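Both backbone and side-chain heavy atoms feed into the values below; hydrogens, waters and symmetry mates do not. The first residue of the sequence shown is numbered 1, and numbering continues consecutively from there. We count ligands from 1, going down the list as the structure has it; atoms in each ligand are counted the same way. All values derive from a computational prediction rather than experimental measurement.
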Amino acid sequence: MKLYNSLTHTKDEFITHEDGKVSMYTCGPTVYHFAHIGNLRSYIMEDVLEKYLRFSGYDVKRVMNITDVGHLTSDGDTGDDKMLKGAKREHKTVMEIADFYTKAFFDDCRKLNIKKPDVVEPATSCIDEFIKVISSLIEKGYAYSAGGNIYFDTSKLDKYYVFGDVSEENLAVGVREGVDADSNKRNKADFVLWFTKSKFDDQELKWESPWGMGYPGWHIECSCISMKHLGEYLDLHCGGIDNAFPHHINEIAQSEAYLGHSWCGHWFHVHHLNTNSGKMSKSKGEFLTVSLLEEKGYNPMVYRFFCLLSHYRKSLVFSCENLDNAKGAFEKLIARIVPLLNSDGDIDTAAYDTLIGNFKAAMDNDLNTSLAITALYDVFKYDTNPATKIAVIKELDKVLSLDLIKLATELNDSKKSENDDIPHEVLELAEQRKRARKAKDFALADSIRDRISEMGYVIEETREGTRIKAKQ
Ligand code: AMP
Ligand code: ZN
């Protein structure tokens, strides 16, 4: 499989340390508010990647942190503490906020068919690990104490900006608050490992440490939680593109300084979901959630489908119009599956292998989900029997996770129950009309429609197919 790697800026062959095994780490949510659908774009694409690796035969172990301490409103070391901000907003304790929004996050994931990672670890349960790694970094000369805090000294590294191509846009994320630079830092790029002399007097969560009561910086969390569960070598690290700088390069700096060797081979970054006015973000106040989409009548699967239609390395513009287009296409797709349901017959293995092969070719090419969806559409056109088509669709949906069969079955059932009150003769005539239309005998089809009308029923053509209704 070829997968773009932010470290090398090329589509690399995806290789792992141990044959057939993938150690995969994902930066989890900061649980101070609901996840917006932009955050969830990243998690959907990472979910597809994980499922595709499993589909390809890898044994994947995926770990995710929950950021419940240490993340400031700037991704650097300035601004307010996000968790504290959430607690103040809702007049609750930080832990109450963390519990509530962690649950809300996994509810959203469940609605979007995003699998829960094998290990989910809140930062607050790993304080001992953070202290161990920070102590070692101080001992090795990579970290220093200044003004009461512990900082990582980026000047000790041969190369700090390992991704090299930090764009202006991403640089701006790291320093966006425009607040005074921290005068304790020896170098501009240095970052906090442990806050002791907090500027937040009301910091709720504090722990004993060799440097006094304090709390960890955000970046150290991911390094330690990853090493705790996945060991010294990480195959794949994921996150949204805004995490690349400074968060991920800080993770690399401290992990490699601590381990004394290179740490993670492959960096996967999902580009942003934007609105017409720029990146969707919580700091802007207004943001869309899965619940809001549901309230507006969208099945969460429509949003998942919308995300899959675009490549993860392109920013995606969200608008109601774009989502409506995806909704229409998705409903049509489900309706096309209905006639294939419950098909008996032998699987045509040659056709099956070709169709699965087309899907794999798309996914092996840097996880091209939009081409993979095209491969799904090609199943309908392919010259093979319905049993083979439905078997392929089931298989592809192990990765796409769009509930294709379930939704088609529900649609079929709802059609059936709609027809419960329609007289048998009318249903029979409707079937005859369908056959006439298929045979392009439109005169006959029209005359059957007239007979149905005389019997008090109308036929409507909808996106999902033909509907029969009693006249009002
Ligand atoms: P946070 O909860 O802020 O730590 O973010 C959770 C994840 O969402 C991170 O991987 C971010 O990089 C990602 N993210 C944040 N904003 C967006 C966006 N507008 N589009 C896609 N991913 C995003
Ligand atoms: Zn992280």
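- Judged by the shortest distance from any of its heavy atoms, Asn243 lies inside the 4.0 Å radius around the atoms of ligand 1.
- Paired with Asp190 under the rule side-chain contact (heavy atoms from CB on, under 4.5 Å), one option of Tyr160, Tyr144, Phe152 passes, and it is Tyr144.
- In this structure, the ring of Tyr101 has its center less than 6.0 angstrom from the ring center of His33.
- Counting non-hydrogen atoms of neighbouring residues, nucleotides and ligands closer than 6.0 angstrom, the CG atom of Asp413 exceeds 12 such neighbours.
- For atom 16 (N) of ligand 1, the nearest protein heavy atom (residue, atom name, distance) is Lys279 CE, 3.4 Å.
- Regarding atom 21 (C) of ligand 1, its nearest protein heavy-atom neighbour is Gly38 O, 2.9 Å.
- Between Tyr142 and Leu157 the shortest side-chain heavy-atom distance falls below 4.5 Å.
- Using cut-offs of 30° and 60° on the angle between ring planes, the pair Phe359 and Tyr52 is perpendicular.
- Here's the thing with Ser42: one of its N/O atoms is less than 3.5 angstrom from an N/O atom of ligand 1.
- Classification of the Phe163-His269 ring pair by plane angle, with boundaries at 30° and 60°, yields perpendicular.
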Check the pair Phe105, Tyr43 against ring-ring contact (aromatic ring centres under 6.0 Å, His included), reporting the backbone distance first and the verdict last.
CA-CA 11 Å; Phe105 173 73; Tyr43 295 113; 5.1 Å; yes
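- Residue contact annotation: His247 places an N/O/S atom under 2.8 Å from the Zn ion (ligand 2).
- In this structure, Lys2 fails the cation-pi test against Phe14, since its NZ or CZ atom is not both closer than 6.0 Å to the six-membered ring centre and inside 45 degrees of the ring normal.
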Take Tyr233 and His261 through the test ring-ring contact (aromatic ring centres under 6.0 Å, His included) and record every step on the way to the result.
CA-CA 9 Å; Tyr233 294 96; His261 58 71; 4.3 Å; yes
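- When each atom of ligand 1 is checked for a heavy atom of Leu273 under 4.0 Å away, the hits are 18 (C), 19 (N), 20 (N), 21 (C).
- Closest heavy-atom approach to atom 12 (O) of ligand 1 among the candidates Thr30, Asn274, Asp242: Asp242.
- Against a heavy-atom cut-off of under 4.0 Å, Pro29 is close to the following atoms of ligand 1: 2 (O).
- Residue Arg41 has no N or O atom closer than 3.5 Å to an N or O atom of ligand 1.
- For atom 17 (C) of ligand 1, the closest heavy atom belonging to the protein is His272 CD2, 3.5 Å.
- Checking only distances, Gly240 does come within under 3.5 Å of ligand 1, N or O to N or O.
- In this structure, the ring of His237 has its center less than 6.0 angstrom from the ring center of His248.
- Taking 2.8 Å as the criterion, Cys27 counts as a coordinating residue of the Zn ion (ligand 2), since one of its N, O or S atoms falls below it.
- Scanning the protein heavy atoms around atom 19 (N) of ligand 1, the nearest turns out to be Met280 O, 3.0 Å.
- In this structure, atom 14 (N) of ligand 1 lies nearest to the protein heavy atom Asn39 ND2, 3.5 Å.
- Ligand 1 has no N or O atom lying under 3.5 Å from any N or O atom of Ile241, backbone or side chain.
- With hydrogens left out, the protein atom closest to atom 7 (C) of ligand 1 is Tyr43 OH, 3.5 Å, a heavy atom.
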